[in-house]
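Report on the following structure.
One-based numbering along the sequence shown. Hydrogens, waters and symmetry mates are skipped; everything else that's a heavy atom, side chains included, is used.
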Amino acid sequence: MIRIEMDQGALQQLQQRLSTLAPRMIAQVDQALRPMLYQSLRSALPKYFSGAKGRLHSRSGRLLNSVLESIAISVDGAAMTVSLGSDVPYAAVHEYGGYAGRRSPFKKKNGHRPYIPARSYLHPVLNDLQEMLPALLDEAIQQVRPDAI
């Protein structure tokens, strides 16, 4: 299993914004923000599976779907965490690079396993989300309290 979390430094400004809200409002903003975050990730992630140079090529969609299913968002008071990952066995090899295939006894006659270069998809999508998050938070607050912005 591979799991990464959004950098807490990037979330600090958002947490300060959340801390100005009443606890009841934070819960409502959390409920409004979750579907927005999920939809943003759902629309941003496929570009990293486009098959373009240096990107993954999606055959079955298993890896992409496992990442979408793993999205975890939590708001505890003014603290927010966003994480995603995958439980697919080859997820880490694609994210960080490494040798593919089975270990000894080798399936191939010559015993060589192919090396797959890193084709990161989790870190870039979290970076994209960090850029979108302030606007999404403002939109969620606006939905809950139209006079807030």
Do the non-hydrogen side-chain atoms of [X] and [Y] ever get within less than 4.5 Å of each other?
X	Y	value
Leu84	Val125	yes
Leu37	Leu129	yes
Leu41	Val67	no
Ser70	Asp87	no
Lys47	Asp128	yes

In Å, rounded to the nearest 0.5 Å, how long is the span from [atom1] of [X] to [atom2] of [Y]?
X	Y	atom1	atom2	answer
Ile141	Leu136	CD1	CG	11.0 Å
Tyr96	His123	OH	NE2	4.5 Å
Tyr48	Leu122	OH	CG	11.0 Å

Please identify which of these residues, Glu139, Arg24, Gln28, Gln31, meets the side-chain contact (heavy atoms from CB on, under 4.5 Å) condition with Val144. Gln28

Is Val88 linked to Leu45 within one hydrophobic cluster, defined over Ile, Leu, Val, Met, Phe, Trp and Tyr using a side-chain heavy-atom separation of less than 4.5 Å? yes

Is there a path of hydrophobic side-chain contacts, each under 4.5 Å between heavy atoms of I/L/V/M/F/W/Y residues, joining Leu68 to Leu63? yes

Where do [X] and [Y] come nearest, in terms of heavy atoms and distance?
X	Y	value
Ser120	Glu95	OG-OE2, 2.6 Å
Ala44	Met132	CB-CE, 4.3 Å
Arg62	Pro89	NH2-CD, 3.9 Å

Sequence-distant partners of Thr20, side-chain contact (heavy atoms from CB on, under 4.5 Å), two or more places apart: none

Taking atom OH of Tyr99 as the centre, report whether more than 12 heavy atoms of other residues, nucleotides or ligands fall under 6.0 Å from it. no

Please check if the side chain of Tyr121 supplies one atom and the backbone of Ala91 the other of a donor-acceptor pair under 3.5 Å. yes

